[in-house]
Undergrad: 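Just dropping this structure here.
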Amino acid sequence: MTLKPLNIAIVSLLLPLAACNAKTNSSLVTPAASPSTVKAADPVPQAGGYSNIDNAKLKELIAQGVTLVDIRREEEWQQTGIVKGSKTITFFDNMGRINPNFVPEFTALVKPDQPVALICRTGNRTQVASQAIAQQLGYKNVLNVMHGITGWIAERRPIVKYQK
């Protein structure tokens with residue numbers, strides 16, 4: 001599969017979103033309760049063909065074997081760590097360009113009928129990527145982790161060191 005109009009179609013959306021810096025700012029998300037007491041909310045369908053999920057739902061889905069793809073860049077994975085079991089495939093480079101290897105790596109990892117969750121730093125890049133994957137690649141169950149790794153860390157959920 002190729003990204004034919006994908007590169008062009010989302011460029012206008014990417015500039016403000018992909019420019020997220022790699023620093024984790026845990027003040028962006030305030031945890032409401034201990035992670036063990038938070039009840040998972042159902043996925044919230046979005047107009048772009050994907051759904052938003054919270055961290056409690058992500059935890060449930062990981063336990064069920066749903067693939068989690070961390071779309072950040074390597075230096076971001078090294079800085080914050082990753083959610084255990086995450087598959088790491090960069091979607092945007094540091095200039096906001098789509099990684100040309102993303103689609104072949106992603107489609108080799110996850111089939112269009114399988115559920116997949118995407119996580120980034122704050123949920124902005126995954127919002128764009130989730131919509132593109134649903135609309136351009138035809139994936140049926142794409143889940144955007146709201147608040148990204150910063151929300152996960154702010155809720156004191158476990159992370160592991162990134163290993164190449």
Undergrad: Go through the steps to decide whether K164 and E74 satisfy the test salt bridge (charged side-chain N to carboxylate O under 4.0 Å, His left out), and finish with yes or no.
TA: CA-CA 9 Å; K164 273 189 177 184; E74 184 174 351; 3.3 Å; yes
Undergrad: What's the separation between atom NE2 in H147 and atom CZ in R121, rounded to the nearest 0.5 Å?
TA: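 Interatomic distance, H147 NE2 to R121 CZ, rounded to 0.5 Å: 13.0 Å.
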Undergrad: Would you check if the side chain of S130 reaches a backbone N or O of T126 as a donor-acceptor pair within less than 3.5 Å?
TA: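 Checked: pair present.
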Undergrad: Closer than 3.5 angstrom, by distance alone: can the side chain of N144 be matched with the main-chain N or O of M146 as a donor-acceptor pair?
TA: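 Looks like no, no N/O pair under 3.5 Å.
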Undergrad: Would you check if there is a donor-acceptor pair between the side chains of N99 and T90 at a distance under 3.5 Å?
TA: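 The answer is no; no qualifying pair exists.
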Undergrad: Scan V142, I53, L143, V128 and name whichever one has a side-chain contact (heavy atoms from CB on, under 4.5 Å) with L118.
TA: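 Exactly one pass, corresponding to V142.
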Undergrad: Mind checking whether I82 and I159 have side chains closer than 4.5 Å, heavy atoms only?
TA: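 With C-beta onward as the side chain, the pair stays apart.
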Undergrad: Decide yes or no for R72 and R125: does some side-chain heavy atom of the first lie under 4.5 Å from some side-chain heavy atom of the second?
TA: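 The answer is yes, as the side chains (C-beta and beyond) meet within the 4.5 Å cut-off.
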Undergrad: Which pair of heavy atoms, one from K57 and one from A40, lies closest together, and at what distance?
TA: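 Smallest heavy-atom distance, with atoms named: N-CB, 3.4 Å.
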Undergrad: Nearest 0.5 Å, please: how far is CG in N55 from CZ in R156?
TA: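 R156 atom CZ to N55 atom CG measures 13.5 Å (nearest 0.5 Å).
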Undergrad: Nearest 0.5 Å, please: how far is NZ in K111 from OG1 in T67?
TA: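 Separation between the atoms: 10.5 Å.
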Undergrad: Got K59 and R157 here, is their nearest side-chain heavy-atom distance under 4.5 Å?
TA: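 Contact flag for K59/R157 side chains = yes.
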Undergrad: How close do A134 and G48 get, heavy atom to heavy atom, and via which atoms?
TA: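 Nearest heavy atoms, A134 then G48: CB-O, 3.8 Å.
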Undergrad: Quick one, D70 and V83 - any side-chain contact, counting heavy atoms below 4.5 Å?
TA: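 The answer is no, as the side chains (C-beta and beyond) never meet within the 4.5 Å cut-off.
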Undergrad: Is the closest side-chain donor-acceptor distance between Q79 and E75 under 3.5 Å?
TA: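 On atom types as modelled, these side chains do not qualify, holding no pair under 3.5 Å.
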Undergrad: Can you see which heavy atom on N94 is nearest to which on R73, and at what distance?
TA: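 Answer, listing the atom of N94 first, then R73: N-CD, 3.3 Å.
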Undergrad: Are V160 and Y162 connected into the same hydrophobic cluster when the rule is that any two of I, L, V, M, F, W, Y join if their side-chain heavy atoms are below 4.5 Å apart?
TA: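 They do share one cluster, since a chain of ILVMFWY contacts under 4.5 Å joins Y162 to V160.
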Undergrad: At what distance, to the nearest 0.5 angstrom, does CH2 of W152 lie from CG of D54?
TA: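 Spacing of CH2 (W152) from CG (D54) equals 10.0 Å.
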Undergrad: Could you tell me if the side chain of L137 sits less than 4.5 Å from the side chain of V103, heavy atoms only?
TA: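 Heavy-atom side-chain distance check passes, below 4.5 Å.
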Undergrad: Could you check whether the rings of F102 and F91 sit parallel, tilted or perpendicular, using 30° and 60° as the cut-offs?
TA: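 Answer is perpendicular, since the angle exceeds 60°.
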Undergrad: Which heavy atom of P112 sits nearest to which heavy atom of G138, and what is that distance?
TA: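 Minimum heavy-atom contact is CB-O, 4.1 Å.
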Undergrad: Show the nearest heavy-atom pair for residues P115 and V110, with the distance to one decimal.
TA: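 Smallest interatomic distance, heavy atoms only, reads O-CG1, 4.5 Å.
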Undergrad: So how far is it from L109 CG to I89 CD1, rounded to the nearest 0.5 Å?
TA: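 Atom-to-atom, L109:CG and I89:CD1 are 5.0 Å apart.
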Undergrad: Please report the interatomic distance CG(L68) to OG(S86), rounded to the nearest 0.5 Å.
TA: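 Interatomic distance, L68 CG to S86 OG, rounded to 0.5 Å: 4.0 Å.
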Undergrad: Between A129 and I71, which heavy-atom pair has the shortest distance, and what is it?
TA: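 It is CB-CD1, 3.9 Å.
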Undergrad: Linking I/L/V/M/F/W/Y whenever any side-chain heavy atoms sit under 4.5 Å apart, do V116 and I98 land together?
TA: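 V116 and I98: one cluster.
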Undergrad: If only atom types and distance count, is the side chain of Q46 paired as donor or acceptor with the main-chain N or O of V44 below 3.5 Å?
TA: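 The answer is yes, because a donor-acceptor pair under 3.5 Å joins these two groups.
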